[in-house]
Each structure stands twice: as structure tokens, then as C-alpha cells.
Amino acid sequence: MTGQIMKRNKEDNMALYSEKVMDHFRNPRNVGVIEDANGIGEVGNAKCGDIMKMYLKIEDDVIKDVKFETFGCGSAIASSSMATELIKGKPVSDAMQLTNKAVAEALDGLPDYKMHCSVLAEEAIRSAIEDYKKSAEKTAQQ
Amino acid sequence: MIYADNAATTKMSEAAINTMISVMNDNYGNPSSLYSFGQKAKEILEEARNEVATLIGTANPREIIFTSGGSEADNQAIMSAAALGRKNGKMHIISSAFEHHAVLHTLERLKKEGFEITLLDVHEDGLVRPEEVKEAIRDDTALVTVMFANNEIGTVQPIREIGAICREKNVLFHTDAVQAIGHLPINVSEDNIDMLSASAHKFHGPKGVGFLYARKGIKLTNIIEGGAQEKGRRAGTENVPGIAAMATALKEACASLNENAEILKKHRDRLISALNEIPHSALNGDADNRLPGNVNFCFEGIEGESLLLLLDDKGIQASSGSACTSGSLDPSHVLLAIGRVHDVAHGSLRLSIGEDVSDEEIEYIISSVKEVVEYLRGFSPVWRDLMAGKTPFIL
């Protein structure tokens with residue numbers, strides 16, 4: 001898969017990013033904060049130049065709403081945006097299965113050295129869901 | 001389109017283009033050929049050499065070796081000094097922490113070959129201290145190499161003072177003047193320079209051409225072996241159209257140097273004072289000792305590549321020291337060398353303006369940068385934490 005993505009980008013030597021990446025970068029979907037989020041995940045660090053924060057509103061095990069904030073390059077912003085689109089309205093169990101490859105593929109590929117941005121998106125969502133599960137467990141215990 | 005990346009490359013001047021085309025059309029002979037058509041090309045080549053020599057302040061055109069550009073000239077200067085040093089048991093080289101990679105990577109290679117490299121601190125203002133050069137020189141120092149002006153933050157080094165110290169200590173002195181030549185007055189004799197590297201495309205000449213100045217008596221080591229071109233110091237048929245165009249461009253740049261500098265400084269200082277109004281931002285490098293067209297800022301809480309892409313959408317071409325623009329994980333070694341931490345070094349912007357920029361375009365750049373920085377901060381989790389007081393501001 002990575003090979004395919006790389007090949008596509010080598011062929012497309014007109015631009016660094018695909019049209020889809022640029023679209024999600026220029027018009028990011030689901031940007032912002034959910035004030036009453038019940039799952040929040042933050043991954044990456046400023047030292048490396050990428051931080052993603054995901055806010056989830058989960059009801060009945062379904063992702064009712066998702067928003068993100070990102071500090072990072074074009075592909076980091078586009079990956080966050082695409083990842084939120086891919087999980088919005090989906091059952092939590094589906095969202096847990098989201099892979100970085102799915103994010104990159106949905107963006108029509110990422111340059112090889114930018115693949116870590118899609119990894120961050122996957123990790124941010126997983127971390128937000130885990131946060132939700134933890135607090136759900138706590139509530140159940142109480 | 002507003003082209004604000006002249007430190008990366010410049011638009012060729014019309015006169016340089018005309019020179020190039022006319023040589024390509026009318027004088028395509030090989031300067032090494034004996035017949036008159038070849039000798040005409042040789043004449044053009046030597047005229048260009050004379051011109052370049054005069055423009056940088058030497059009367060001896062033999063001291064000019066044409067190369068493929070600045071990187072090759074840097075490589076040749078350093079490898080030559082190293083070879084001379086090795087012969088005399090001098091295995092120490094002094095340079096600065098924020099040199100161009102053409103210098104730093106060549107020094108790394110020499111380190112593997114047994115040389116000891118001292119990289120001088122460039123301090124927060126991006127300036128090498130001459131007294132620190134003096135302290136660093138040892139009996140076994142083969143070379144001091146310090147760039148004339150930095151390519152990212154534009155700080156202009158005290159070259160004449162460093163050169164004087166090297167003369168006094170009898171140590172070879174090389175300067176990578178790629179960013180400076182054609183933009184700042186340079187005179188190799190008065191500035192005490194033994195070797196100097198230059199690249200044509202930074203002063204409105206063509207790409208793929210440059211030169212090395214090497215004072216008479218310095219034995220050069222070849223980087224490219226082959227025929228006897230350039231007095232046997234650089235093989236390969238000379239790029240006659242490119243070389244002739246470089247001479248035209250340099251002549252032009254030097255003729256209007258003061259006038260251009262005045263225009264650029266006015267625009268530069270307007271940009272600096274306006275961008276300083278952006279909260280939690282900082283100019284990188286000394287405000288006064290800097291190239292007339294260079295502006296370089298760090299904006300806290302955002303990342304440089306997204307800033308560049310959005311400016312591009314607004315028709316502004318600029319550059320950044322962010323890791324994401326280089327394909328490595330670390331941000332610019334220049335910004336790290338002046339003490340910027342990773343977190344803010346990722347959010348850097350370099351604007352290198354050209355002489356033809358208008359007042360309106362400068363104001364458009366200012367409003368665009370302000371708008372984009374504010375927009376990106378609007379959904380940056382780093383900025384949120386800073387504003388909430390969760391993490392302290394650095395800038």
C-alpha cells in the first residue's frame with residue numbers, strides 16, 4: 001500500500017500534495033472544540049512540529065460529533081480533517097479500527113515522509129476514544 | 001504573485017538573459033578550440049573573468065575560477081585548504097554553527113578524515129565575534145571559514161575584522177559570500193579575504209554558474225578532474241553563456257548596489273516593525289547587521305509549512321525553517337544556532353524581497369501574514385494552551 005502511495009506521488013511530481021490534501025488543508029472540516037466533549041485525545045509534541053487534539057461527543061456508542069485542533073504542517077491539518085470525516089456518525093467500534101493508511105488513502109496519498117501525519121491522526125482518535133472509555137468506566141463504577 | 005523568496009533564487013535580469021542568448025546564438029564555440037570561432041568564445045570567457053575580478057576588488061583575473069555554483073566553490077575552497085593543512089600537519093578548521101550545508105557537510109566529511117572542527121557560537125543576534133575567532137585559532141589551524149551573510153536570517157558577519165585576524169595569525173580565510181555578493185559592497189583585498197564563493201542566480205544571473213575567488217599562491221585541489229580548463233583547476237567545458245550572463249548580472253547588481261539597498265532597507269524595516277506587532281512573535285537575527293532584503297520571524301503557536309501554503313494561496317512566495325519544509329524532523333539549524341527552541345523554530349517565516357516590490361505589495365504581505373497567523377492560531381492546540389496559561393510563552 002505504501003508502495004502504491006509512493007508511486008502515485010512520484011508520478012504526480014507536479015505538486016507536493018494531492019488536490020484532496022490541499023482541499024482539506026484549505027477548508028478543514030470539523031475544526032474547533034466541543035465544549036461538552038466526553039472523549040479528548042492529544043498526541044504529538046510541539047518539539048517535533050505536530051500536535052493533534054481530537055474532541056469527541058459519543059452517545060449510545062456512536063460518534064455524534066467530532067472536532068479537532070491541530071498545530072502542524074499542511075498534511076497534518078488535512079489528515080486531522082479527513083480522519084474526523086471518516087469517523088463522524090460511525091459506531092465507536094468502527095472508529096477504533098481507523099488506520100493511518102485509510103486516512104492517507106482517502107486523501108489520495110501523502111508524500112512518504114509525511115505519512116507520520118496520518119499516523120498521528122489515527123493515534124489522536126484512538127486516544128480520544130480511550131479517554132471516553134476510561135471516563136465511562138469511572139462513571140459506571142460510581 | 002509577489003515573489004518574496006529572493007534568497008532562494010532571483011529572477012534573471014533582462015540584460016543577463018540577453019547576454020546569455022546572444023552567446024548561445026552567436027558564440028557557441030568551445031573556448032578550448034584553436035580556430036577563431038573557438039577563440040572568440042575564449043575571449044568572451046576571459047572578458048567575463050576580468051569583469052568579475054574587477055567587481056570584487058582584485059586586479060588579477062587568474063584568481064577567479066568558474067564553477068557550477070556556490071556549493072562547488074565552497075567544496076573546492078575547503079577541500080583545498082584541508083589538503084594544504086594536511087601537508088603541513090595542520091588539521092584544525094574553524095567555522096560557524098550556522099553555515100550553509102555546502103560548508104557544514106564538507107566539514108563533516110573532513111572530520112571523518114581526521115580533522116578537528118571548531119564551530120563558533122553565533123549568539124542570539126546571529127553574529128560571529130571576531131575575538132572568539134582569535135581565541136579559537138591554534139598553531140595547527142588550517143582554515144577559518146565564515147559566511148559573509150547568513151542565508152536564512154540575513155545577518156552580516158564582521159568579515160573584514162575576521163579576515164584581519166586571520167592575516168595576522170597567518171591562517172587561510174574563506175567566506176561563503178553567496179547571499180552577499182551583488183547586495184553588499186565586497187572587496188576581497190580590503191576585506192582581507194583569501195577565498196570567496198559566489199553563485200550567479202542569487203544576483204539575477206543564471207542558475208548553475210558561480211565562481212571561486214582564490215588569492216594567488218593558494219594551491220587548489222580539484223573537485224572535478226579532467227581537461228585543463230580553468231588553468232587545470234576545474235575540468236569540463238566552460239559554461240560560456242552562463243558565465244558571460246553572470247558577469248553581466250554582477251556588473252548590473254554592483255552598479256545599483258547602494259540604490260537597491262536603500263529601497264530594500266526601507267521595505268525591510270517596514271515589514272519588521274509591522275510584523276513585530278503580531279503578539280508573541282520575534283525577529284530572528286540582528287535588526288541592523290542584516291541583508292537589506294531579509295526579514296525572518298518566528299511566530300509562536302503555529303507551524304511554518306501551513307503558513308507558507310496559505311501565503312502561497314494569497315499569491316505570496318516565501319520560505320520557512322520549519323522541519324516540514326525540509327523533510328527532516330529538525331527545524332532549521334540556523335534558528336537552533338541562535339538559540340530558538342524547536343517549538344518556536346517550527347513557526348518561522350523568511351521573506352527575502354526584491355528591488356521591484358512596491359509599497360502596496362509590502363502592505364499586502366503584512367496584512368496577509370497577520371491574517372494567516374491569526375487563522376492558524378485559531379485552531380492550534382499549542383496556542384490554546386499558551387493563551388490558557390497552561391504553558392508559558394517563549395516569545
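Residue numbering restarts at 1 for every chain, and letters A, B, ... go by the order of the sequence lines.
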- Should the pair Lys114(A)-Glu305(B) be classified as a salt bridge under the 4.0 Å nitrogen-to-oxygen rule?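 Salt bridge present between Lys114(A) and Glu305(B).
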- Message: Are there over 12 heavy-atom neighbours, none belonging to Glu374(B), within less than 6.0 Å of that residue's CD?
- Response: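 Counting neighbours around CD of Glu374(B), 12 or fewer heavy atoms of other residues, nucleotides or ligands fall under 6.0 Å, so no.
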- Message: How about CG on Asp36(A), more than 12 heavy atoms from neighbouring residues, nucleotides or ligands closer than 6.0 Å, or not?
- Response: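 Yes, CG of Asp36(A) has more than 12 neighbouring heavy atoms, counting only those of other groups under 6.0 Å.
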- What option among Ile51(A), Asn45(A), Val31(A) has the most heavy-atom pairs under 4.5 Å with chain B?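 Counting heavy-atom pairs under 4.5 Å, the top option is Ile51(A).
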- Give the member of Ser75(A), Gly32(A), Gly74(A), Pro28(A) that has the highest number of heavy-atom pairs under 4.5 Å with chain B.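 When all of Ser75(A), Gly32(A), Gly74(A), Pro28(A) are compared, Gly74(A) has the most.
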- Query: So, does His342(B) use its side chain to make a donor-acceptor pair with the main chain of Ala46(A) at under 3.5 Å?
  - Reply: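 It does not hold such a pair.
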Closest approach of [X] and [Y], non-hydrogen atoms and distance?
X         : Y         : value
Ser306(B) : Gly72(A)  : OG-O, 2.9 Å
Phe25(A)  : Tyr375(B) : O-OH, 4.5 Å
Glu303(B) : Phe71(A)  : N-CE1, 3.8 Å

Pick one of side chain, backbone, both or neither for [X], based on which atoms fall under 4.5 Å of a heavy atom in chain A.
X         : answer
Leu307(B) : neither
Arg384(B) : side chain
Asp313(B) : side chain

- Query: Rounded to the nearest 0.5 Å, how far does CD1 of Ile302(B) lie from SG of Cys73(A)?
  - Reply: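 If I round to the nearest 0.5 Å, the distance is 13.0 Å.
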- Message: For the CE atom of Met22(A) and the CG atom of Leu309(B), what is their distance to the nearest 0.5 Å?
- Response: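 It comes to 5.0 Å.
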- Query: Top residue by heavy-atom pair count (under 4.5 Å) with chain A, among Leu310(B), Leu376(B), Val341(B)?
  - Reply: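 The option with the most such pairs is Leu310(B).
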